[in-house]
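Everything below concerns the one structure shown next.
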Amino acid sequence: LGTKLMVIVTSFKWNTYVKRRIVKRLCGYLLHFALAALCLLRSTQFSFQNTELRSTGLLPAGWDESAVSTSCDVLHVAMVLTNTVALCQAVNQLRYQNSLLAFLSDSWNLCDIAGIVALYAASLAYFTHHPGTLQLVGAVGVLLNSFSFLKLLRPFEFSGPLIKTVLEIMRDIRGFMAILAVLLWGFSVAFAVSMPDNLAFVDGGAGPLVGLLTSFGLILGSLREQPLFTNSESTVLFLMFLLLLVIVLLNLLIAIMSD
């Protein structure tokens, strides 16, 4: 009886007091997220042309849309305003919790603050003409704000249990991810050492880091048309790679997620 009564009371409070407020905040954050995505997509697409326009006052060759710079400025100002609203909401939540330590102990709150700071930094990089910083910080900011959007979807029945399940799976496979990262890096370097002239595994600028992408693609079954393994040593390493990472580890992952 107590459980049924609690369910009835909770459902009444949710439908009467909380749901409308959460939906309103969700719609506002959706607008902020869409505005940030549009702003950063447009400003990074024309970042180098925009920098040349601001520094010389002349339109770059082949760049006829002079209104692009103005539209990027307007979008960034609007994004700063909506980002300030998100910051005020985070500050109100901090006041409600009444403890900075309790506020920062929640990973969702850390994600919110980091996303807000990243968007401010992206706008600062835009107005100070640093296109490289804009691209890096802007990409991180949009990704962090997508996580913050997931936070607002947690109270709803259609999405909350799924988000909780994903988080539980991520916690359960931490050891698996550590083993995968070590073996993936080891095989990537081994492939690069055994085939120093193979650009799929070693690059002059990125070194063996490019091999991580190639090796991860091999786990997913992405084989290129041209032969990747050009000698017997690399072929033996590839067979070991298939045995350990593709057969053993992927089946282990399936077992962990099914448990």
Side-chain angles (χ1 to χ4, degrees), residues 22-95 97 100 103-154 159 163 166-167 170 205-206 209-210 212-213 216:
I22 293 294
V23 171
K24 182 179 179 180
R25 184 177 178 184
L26 181 64
C27 293
Y29 199 87
L30 178 61
L31 176 63
H32 166 63
F33 181 64
L35 177 63
L38 176 63
C39 172
L40 292 172
L41 280 172
R42 192 166 181 84
S43 58
T44 52
Q45 184 180 5
F46 300 102
S47 58
F48 292 99
Q49 297 95 325
N50 202 7
T51 300
E52 183 177 348
L53 173 63
R54 290 175 179 276
S55 60
T56 63
L58 301 175
L59 288 175
W63 200 50
D64 299 329
E65 300 182 15
S66 59
V68 169
S69 177
T70 303
S71 64
C72 289
D73 292 346
V74 172
L75 286 173
H76 270 277
V77 171
M79 186 183 72
V80 169
L81 292 177
T82 57
N83 202 41
T84 303
V85 174
L87 177 61
C88 292
Q89 292 175 346
V91 171
N92 289 334
Q93 185 176 355
L94 173 60
R95 291 177 179 175
Q97 290 189 349
L100 179 61
F103 179 80
L104 296 179
S105 62
D106 190 346
S107 58
W108 291 106
N109 294 332
L110 290 176
C111 186
D112 291 343
I113 297 300
I116 292 171
V117 172
L119 291 185
Y120 277 131
S123 291
L124 180 62
Y126 170 78
F127 286 112
T128 55
H129 321 310
H130 292 87
T133 305
L134 170 63
Q135 294 171 6
L136 176 61
V137 180
V140 174
V142 171
L143 183 60
L144 290 173
N145 277 268
S146 66
F147 294 147
S148 298
F149 188 76
L150 289 180
K151 172 187 175 181
L152 297 177
L153 292 176
R154 289 189 303 164
S159 57
I163 296 174
V166 171
L167 293 177
M170 293 300 295
L209 291 178
V210 68
L212 286 174
L213 297 177
F216 188 76

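For clarity, every value in this text was computed on a predicted model and none was experimentally measured. All residue numbers in this chain count up from 1 along the given sequence.
- Here the OH atom belonging to Tyr126 is positioned 15.0 Å from the OG1 atom belonging to Thr133, to the nearest 0.5 angstrom.
- Summarising the geometry of Val137 relative to Ala118, their closest heavy-atom pair is CG1-O, 3.1 Å, with the distance given to 0.1 Å.
- In this structure, the side chains of Asn109 and Leu104 stay at 4.5 Å or more apart for every pair of heavy atoms.
- In this structure, Asp73 CG and Ser123 OG are separated by 10.5 Å, a value rounded to the nearest 0.5 Å.
- Applying the salt bridge (Lys or Arg N to Asp or Glu O under 4.0 Å) definition to pairs two or more places apart or across chains, none involves residues 118-138.
- Distance check, rounded to the nearest 0.5 Å: CG of Leu31 to CG of Leu26 gives 11.5 Å.
- Note that CZ of Arg95 and CG of Leu100 are 13.5 Å apart. Values are rounded to the nearest 0.5 Å.
- For the salt bridge (Lys or Arg N to Asp or Glu O under 4.0 Å) condition, the pairs that include at least one residue of residues 107-129, sequence neighbours left out, are Asp112-Lys151.
- Across every non-hydrogen atom of Leu41 and Thr44, the tightest pair is O-OG1, 3.3 Å.
- Looking at Ser159, its side chain does come within 3.5 Å of a backbone N or O of Leu153 through a donor-acceptor pair.
- By the side-chain hydrogen bond (donor to acceptor under 3.5 Å, both in side chains) test, Arg154 is found to be paired with no residue, residues two or more places apart in sequence or in another chain being considered.
- Minimum heavy-atom separation, Cys72 to Ser43: SG-CA, 3.8 Å.
- Between Leu40 and Leu134 the shortest side-chain heavy-atom distance falls below 4.5 Å.
- Ile113 places a side-chain heavy atom less than 4.5 Å from the side chain of Val117.
- Note that the CG atom of Asn145 and the OG1 atom of Thr82 stand 9.0 Å from one another [nearest 0.5 Å].
- Inter-residue side-chain proximity for Leu119 and His32 is flagged as met; some heavy-atom pair is nearer than 4.5 Å.
- Ring geometry, Phe127 versus His76: the interplanar angle exceeds 60°, so the pair is classed perpendicular (tilted spans 30 to 60°).
- Between Ile163 and Leu150, the shortest heavy-atom distance links the atoms CD1-O, 3.4 Å.
- Not counting sequence neighbours, Ser146 has no partner by the side-chain hydrogen bond (donor to acceptor under 3.5 Å, both in side chains) test.
- Nearest heavy-atom pair, Val80 versus Thr84, reported as atom, atom and distance to 0.1 Å: O-OG1, 2.7 Å.
- In terms of heavy-atom proximity, Cys111 sits nearest to Leu144 at SG-O, 3.3 Å.
- With sequence neighbours excluded, no residue forms a ring-ring contact (aromatic ring centres under 6.0 Å, His included) with Phe33.
- Take Gln89 and apply the side-chain contact (heavy atoms from CB on, under 4.5 Å) test, not counting sequence neighbours, and it matches Arg25, Val85.
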